[in-house]
**Student:** 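This structure is in structure tokens; I'll ask about it shortly.
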Amino acid sequence: LEQRRERPGRADHYLHLADASARHRASPREWAGNRLCAARLASARGDAGRAAEEARQAAETYATLGMEMLRQRAEALAPTH
């Protein structure tokens, strides 16, 4: 939402807080969700390389957790070619 309001610094701030929470909770599911959010932000900013890397990390984590639907969603943001 903050990205759409042309306040990318706020979006980064909230993502940083979410990352800290995921680390504190030791939650790979939350971390993967944050990577997926980071991929979407990077894509909205036109940074395809970062978007693909963030999405790839999310997809790998979701695969490890056996979360197939979310893995597929992340892989859709991370083209392999």
Side-chain angles (χ1 to χ4, degrees):
L1 183 61
E2 293 298 331
Q3 179 68 27
R4 287 188 204 144
R5 291 181 181 160
E6 297 181 11
R7 296 173 61 183
R10 295 299 294 166
D12 292 336
H13 170 75
Y14 289 123
L15 184 57
H16 176 75
L17 293 176
D19 282 340
S21 176
R23 281 191 304 277
H24 177 73
R25 295 173 188 231
S27 173
R29 182 195 58 77
E30 286 183 29
W31 183 84
N34 294 345
R35 301 291 47 87
L36 197 54
C37 182
R40 290 181 177 132
L41 286 172
S43 180
R45 294 173 181 166
D47 189 346
R50 181 170 178 195
E53 178 57 24
E54 295 283 7
R56 184 194 60 75
Q57 290 179 27
E60 287 179 3
T61 302
Y62 286 136
T64 299
L65 296 172
M67 301 176 89
E68 185 63 21
M69 184 180 76
L70 291 172
R71 181 196 61 78
Q72 290 174 1
R73 188 176 295 166
E75 283 183 349
L77 292 175
T80 57
H81 48 294

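As the structure is a computational prediction, the values presented were derived from the model and not from experiment.
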**Student:** Looking at every non-hydrogen atom in both residues, tell me the closest pair between L15 and A38 and how far apart they are.
**Tutor:**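 Scanning both residues, the minimum pair turns out to be CD2-CB, 3.6 Å.
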
**Student:** Using side-chain heavy atoms (C-beta onward) and a distance below 4.5 Å, is P28 in contact with T64?
**Tutor:**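 The answer is no; the side chains never approach within 4.5 Å.
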
**Student:** Please name all residues satisfying side-chain contact (heavy atoms from CB on, under 4.5 Å) with L36, sequence neighbours left out, ordered by chain then number.
**Tutor:**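 Scan of L36 (side-chain contact (heavy atoms from CB on, under 4.5 Å), adjacent residues dropped) gives R40, A58, Y62, R73, A74, L77.
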
**Student:** Could you pull out the closest heavy-atom pair between R71 and A59, with the gap in Å?
**Tutor:**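 Nearest pair, atom of R71 first, then A59: CG-O, 3.5 Å.
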
**Student:** Output all residues satisfying side-chain contact (heavy atoms from CB on, under 4.5 Å) with S43, sequence neighbours left out; order by chain, then residue number.
**Tutor:**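 Listed in chain order: A51.
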
**Student:** From R25 CZ over to E30 CD, what is the distance, rounded to the nearest 0.5 angstrom?
**Tutor:**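 Between atom CZ of R25 and atom CD of E30 there are 4.5 Å.
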
**Student:** Run the salt-bridge test on R50 and E53 with the 4.0 Å N-O cut-off and return the result as yes or no.
**Tutor:**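 Looking at R50 and E53, the cut-off is not met.
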
**Student:** So, does T61 use its side chain to make a donor-acceptor pair with the main chain of Q57 at under 3.5 Å?
**Tutor:**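 Pair found, side chain donor or acceptor close to backbone of Q57.
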
